[in-house]
Protein chains: 2
Amino acid sequence: MADSRTPRSAEGLGSSSPAPAVTRAAAVLDALAEAPSGRLTLSDLSRELGIPKSSTSNLLLALEEARLITREGADFSLGRKLVELGAAYLSRLDEVQEFYKFCEQAPTLSGETVRIAMIDGDHIIYLARYEGHPAVRLTSNIGDKMPLSLSAVGKVLLAQLHDHDIEAMFPDDVELPVMTPKSLRSAAELKAQVAAIRKQGYALEDEESTLGVVCLAVPVPTHGAHGPSLGLSVTALKATFSEEQAALMVKELKELAHSLGNPMG
Amino acid sequence: MADSRTPRSAEGLGSSSPAPAVTRAAAVLDALAEAPSGRLTLSDLSRELGIPKSSTSNLLLALEEARLITREGADFSLGRKLVELGAAYLSRLDEVQEFYKFCEQAPTLSGETVRIAMIDGDHIIYLARYEGHPAVRLTSNIGDKMPLSLSAVGKVLLAQLHDHDIEAMFPDDVELPVMTPKSLRSAAELKAQVAAIRKQGYALEDEESTLGVVCLAVPVPTHGAHGPSLGLSVTALKATFSEEQAALMVKELKELAHSLGNPMG
DNA sequence: AACGCTTGTTCAATCCACTGAACAACCACC
DNA sequence: GGTGGTTGTTCAGTGGATTGAACAAGCGTT
């Protein structure tokens, strides 16, 4: 097992899919998305996914025909249709539209950088971003992922889960990702914060992912079973960050969260 | 043919795919993306795509497992993973990063709404948007599509194609989509504009998609065979639009286009 | 409540997509 | 130019995915 590269087999071992070709095609997309250069050859994919070359070739042909991937010489990369489909997903989230509207006319938030995110496996994924302040331009984009423990939204969404789910995702000996000296190191620290977040109703991230930058986040209450829970966050420079400004931002974030949670206000 | 709903069969008739399951899965995604509500049931999909229910069920199971779609009760809709994949595609386009940087420090453009787009089949698709001017917020989002004939970028990208390709896409009797009284109506008009665009090097859209709004666009020269050609556009309100401002914007757009076309400028 | 008319799930038989080995083309290195 | 390692493509046999009919469960009407 440990003797060479680790082929993350497309199929999760015994669990045979009801439509293997589809599962494998999805694995191809994942592999392309995660490849540092974004380009892989047929052999790369075949090797990495443990799929025979001839089958891989067929998959790629079908994926290319569907414009889900593009071929450039011998290299394959993700296709534009994925942008289209991603956009279609986002356009269906009424929350996103309302999010923009609210931010524009909120007294404090309208000048800040606000984002809306969602849990996606063991990460959060950013769904939309409002930028009132060209001064602080974030490097992160819509669709980007972040570990739960490294962001205010991540922590606030984590706090919404049941304790046993949290325990399953973060056993006591888990190694947390670290991006700055202030990043949380242990599951214990994380759980302590979760407890605090539940009490105060919002989360703070203090330079844990980027030095000089702080974040505040609140959860959007899930109205019924309408889908996975959303979170909102404001990002600010630590240098220009005051207690009273924070209080205002949390207040407005909570208003926004409330209006997103109760569609018909 | 005309007697009832038109099942747009998943397979393009005789053309059997090398991996039918994948092709059909892609058709499912398309159908979900195009469905007005974004939600379809198993039977809906089975009927619309002409796939037996049992097979459709298998496809959906596999797609759900891959998180490409989500089930909510009996309804299926697109999954978050698509946002992720779309973002992965965009993050690989170096042009997008440079696009933002340039816009921020361009004297005129930095205050305007600028977009970068690409041809995608018979439409254009917006890849990124810079908003210097919260005053004019566009309703269109990243990933949105627009007919070629209705946008400045569409026309400018069309002008880059060979005449016989244009002819194939727009035969003389084609019916063009119309969104405002000023939208182009005939292929002849469109072709005349294409000729003009080739001479002057930029395209103008004068309230053809939205009344009160004008657009200027330039092509990004394709450096080698590096992929499909990109286009840039500025959007402005017709009311506040002057000749000399237009000249400045075209000048800066061309600079940007040049630096995108020659990566190491 | 019994009736159509939906819906989604089950299952064994069949057909076709997948496979693996053999192929041809390529590149890099001596 | 040979040689070893690639690469991607071809093709016939076979095993498993696909299928359609039969099933069960839901809903609105009469």
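The sequence lines fix the lettering, A, B, ..., with proteins before strands; numbering per chain opens at 1.
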Separation of [X] atom [atom1] from [N] atom [atom2], in whole Å?
X       : N      : atom1 : atom2 : answer
B:Leu60 : C:dT10 : CG    : P     : 14 Å
A:Leu49 : C:dC18 : CG    : C1'   : 16 Å
A:Asp75 : D:dG8  : CG    : P     : 9 Å
A:Leu63 : C:dA17 : CG    : P     : 16 Å
B:Ile51 : D:dG20 : CD1   : C1'   : 15 Å
B:Leu59 : D:dA17 : CG    : P     : 13 Å
A:Leu45 : D:dT9  : CG    : P     : 13 Å

Please find the pair of heavy atoms, one from A:Ala257 and one from A:Val218, that lie closest to each other, and give the distance. CB-CG2, 3.9 Å

State whether A:Arg47 places a side-chain N or O below 4.0 Å from either non-bridging phosphate oxygen (OP1 or OP2) of D:dT7. yes

Any ion pair linking [Y] and [X] (charged N to carboxylate O, less than 4.0 Å)?
X        : Y        : result
A:Asp30  : B:Lys81  : yes
B:Arg67  : A:Asp120 : yes
B:Asp163 : B:Arg198 : yes

Please tell me which of the listed nucleotides, [options], lies nearest to the side chain of [X]?
X       : options                : answer
A:Pro52 : D:dG20, D:dT18, C:dG20 : C:dG20
B:Arg71 : C:dT9, C:dT7, D:dT9    : C:dT9
A:Ser43 : C:dT9, D:dG8, D:dA17   : D:dG8
A:Ala19 : D:dT18, C:dA17, D:dT7  : D:dT18
B:Lys53 : C:dT10, C:dG8, D:dA17  : C:dG8
B:Asn58 : D:dG8, D:dT18, D:dG20  : D:dT18

Does the base of D:dG8 carry an N or O that pairs as donor and acceptor with the side chain of A:Ser57 under 3.5 Å? no

Test side chain to side chain contact (heavy atoms under 4.5 Å, CB included) on B:Leu260 and B:Leu232; report intermediate values, then the result. CA-CA 10 Å; B:Leu260 292 182; B:Leu232 300 166; 4.1 Å; yes

Note: for A:Ala21 and A:Asp44 on DNA chain D, the residue whose nearest nucleotide lies more 5' is A:Asp44

